[in-house]
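Quick note: numbers below take in every heavy atom, side chains included, and nothing from hydrogens, waters or symmetry partners. Both counts, for ligands and for their atoms, begin at 1 and track the order of listing. For the single chain, residues carry numbers from 1 onward in sequence order.
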Amino acid sequence: MLDLAVAADLSREDIDVTAVLDHLVQDAAATAPTSIGYPGAVDLDHTAVMTRLGSRLWNNIGDPSDRGGVAHTRVLEQAVIAWVAELLAMPADDRWGYVTTGGTEGNLSALLAAYRRWPTARIFFSEAAHYSIPKIVGMLGAYQAVVRAHPDGEMDYDHLAELIRRRRRWPAIVVATAGTTMTEAVDDTSRIRAILAEHGMVGHLHVDAALSGIPLALDGKLRLDDAGGIGSIAISGHKFLGVPTPCGVVLIRDSVRNPAKQPIAYTNSVDTTVTGSRCGLAAALLWHAIATHGREGHRWRATEARRVAAYAVEKIRAAGWRAWRYPHAFTVVLPTPPEPVRARWLLATDGPVSHLICMPGITKGQIDALAADLTGAVRAPIPRPRSRR
Ligand SMILES: Cc1ncc(COP(=O)(O)O)c(C=O)c1O
């Protein structure tokens with residue numbers, strides 16, 4: 001990264017702009033082979049969109065169904081929403097969604113819609129939920145109930161049942177996670193629904209599927225059909241679809257929303273989204289990723305990435321280190337390696353646990369290099385604390 005000495009001079013008028021940009025690109029390229037801790041796919045080529053559309057403003061301000069206004073890509077945005085909704089088997093007459101700035105905005109948009117409908121609801125989420133969830137609950141000013149998670153990241157349903165039983169006089173908004181941030185655990189929405197039904201609860205079930213939404217839907221394991229009882233879902237666009245700008249998709253059952261109906265005079269658009277101006281380039285990039293690969297292409301990508309993840313577990317174990325993953329997961333969980341390994345590899349670490357994520361584009365060669373470094377770490381003598389005299 002640009003060091004501070006250089007950064008301090010960045011506003012100088014005689015700055016060499018080309019050198020600064022080159023520096024950024026070189027730094028990113030140099031760290032890319034060892035950046036395997038965060039879930040951005042790196043196998044797709046987005047050059048066609050960046051070259052054709054990347055140098056002007058595309059503003060999808062307002063609702064995706066709006067027309068007119070400045071240059072926009074809402075028609076592509078609608079195609080993206082339709083593709084993801086179809087993949088999730090969402091009923092055509094009861095769906096609405098838009099392209100967001102990321103999973104966080106998707107969670108906010110969905111939970112805002114749910115909370116407007118159920119303003120006395122308690123919001124339940126597990127301690128393995130993404131940090132955006134308690135933040136959003138705080139923004140809404142809602143009451144929260146934090147459900148314990150098992151060490152593998154999945155929600156503790158007995159604890160959920162206990163928390164619901166004690167709060168059954170209020171509606172419940174439950175956030176399930178499909179792909180928790182550290183272990184890629186998937187909360188079981190059937191079990192959550194059974195608990196809600198057992199206690200006769202009304203409310204809303206939201207799924208935060210930032211990473212796993214598309215791959216699980218491609219497997220047929222995540223559905224927003226009538227039987228599933230899921231009211232909304234948030235997905236990140238820069239994770240599995242590897243779009244080179246933060247973005248995402250939110251989908252909400254249309255029947256649970258109470259949207260604004262009057263257009264805003266200044267923009268002549270209906271204000272249904274969290275932000276006003278919205279990135280039309282992101283919608284075009286998402287559409288391009290979908291249109292050029294289709295369901296089969298993306299299924300193949302998911303299968304190949306899971307193969308690399310399985311290979312990573314084997315290689316890391318062969319190196320004398322522990323590792324595990326869920327069968328559906330790209331994420332490989334391991335005890336946090338010692339500092340020399342972490343200094344070289346950008347893993348995500350939460351105390352004693354770390355992970356790497358074998359997103360599409362991560363190669364077996366990268367895994368071999370990590371395993372070699374772990375072998376070295378296993379063999380290296382453990383430094384002894386200096387004895388006090
Ligand atoms: C489970 C989960 N939800 C939400 C998010 C937030 O997504 P974004 O960074 O797209 O806002 C993440 C990001 O890592 C995540 O893992």
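- Here the protein heavy atom with the shortest distance to atom 15 (C) of ligand 1 is H130 CD2, 3.4 Å.
- Looking at E105 next to ligand 1, no N or O pair under 3.5 Å apart turns up.
- At least one N or O atom of K239, backbone or side chain, sits closer than 3.5 Å to an N or O atom of ligand 1.
- Among all non-hydrogen protein atoms, the one lying nearest atom 3 (N) of ligand 1 is D208 OD2, 2.6 Å.
- Residue T180 places no heavy atom under 4.0 Å from ligand 1.
- Note that R257 lies in the cation-pi zone of W96, set by a 6.0 Å cut-off to the ring centre and a 45° limit from the axis.
- Between S236 and ligand 1, a contact under 3.5 Å exists for at least one N or O pair.
- Of the listed residues (V147, V146, I136), just one forms a side chain to side chain contact (heavy atoms under 4.5 Å, CB included) with F125, and that residue is V146.
- Annotation: G103 places an N or O atom under 3.5 Å from an N or O atom of ligand 1; distance criterion only.
- A cation-pi contact, defined as under 6.0 Å to the ring centre and within 45° of the axis, is absent between R317 and W321.
- Relative ring orientation between H293 and H298 is described as tilted, the plane-to-plane angle lying within the 30° to 60° band.
- The closest approach between a heavy atom of G179 and any atom of ligand 1 is below 4.0 Å.
- Cluster annotation: L251 and I173 are assigned to distinct hydrophobic clusters (Ile/Leu/Val/Met/Phe/Trp/Tyr, side-chain heavy-atom contacts under 4.5 Å, transitive).
- Note on L88: it clusters hydrophobically with L218, by side-chain heavy-atom contacts below 4.5 Å among ILVMFWY residues.
- Within ligand 1, counting atoms from 1 as listed, the ones closer than 4.0 Å to a heavy atom of A210 are 2 (C), 3 (N), 4 (C), 5 (C), 12 (C), 15 (C).
- Each of the atoms 10 (O), 11 (O) of ligand 1 lies under 4.0 Å from some heavy atom of G102.
- For ligand 1 and H238, the ligand atoms under 4.0 Å from any heavy atom of the residue are 9 (O), 10 (O).
- Partner of R223 under the salt bridge (Lys or Arg N to Asp or Glu O under 4.0 Å) criterion, chosen from D225, D226, D219: D225.
- Protein heavy atom at the shortest distance from atom 11 (O) of ligand 1 is T104 OG1, 2.7 Å.
- The ligand atoms of ligand 1 that sit less than 4.0 angstrom from a heavy atom of T181 are 1 (C), 2 (C), 15 (C), 16 (O).
- Checking side-chain atoms of E154 against main-chain N and O of D187 turns up no donor-acceptor pair under 3.5 Å.
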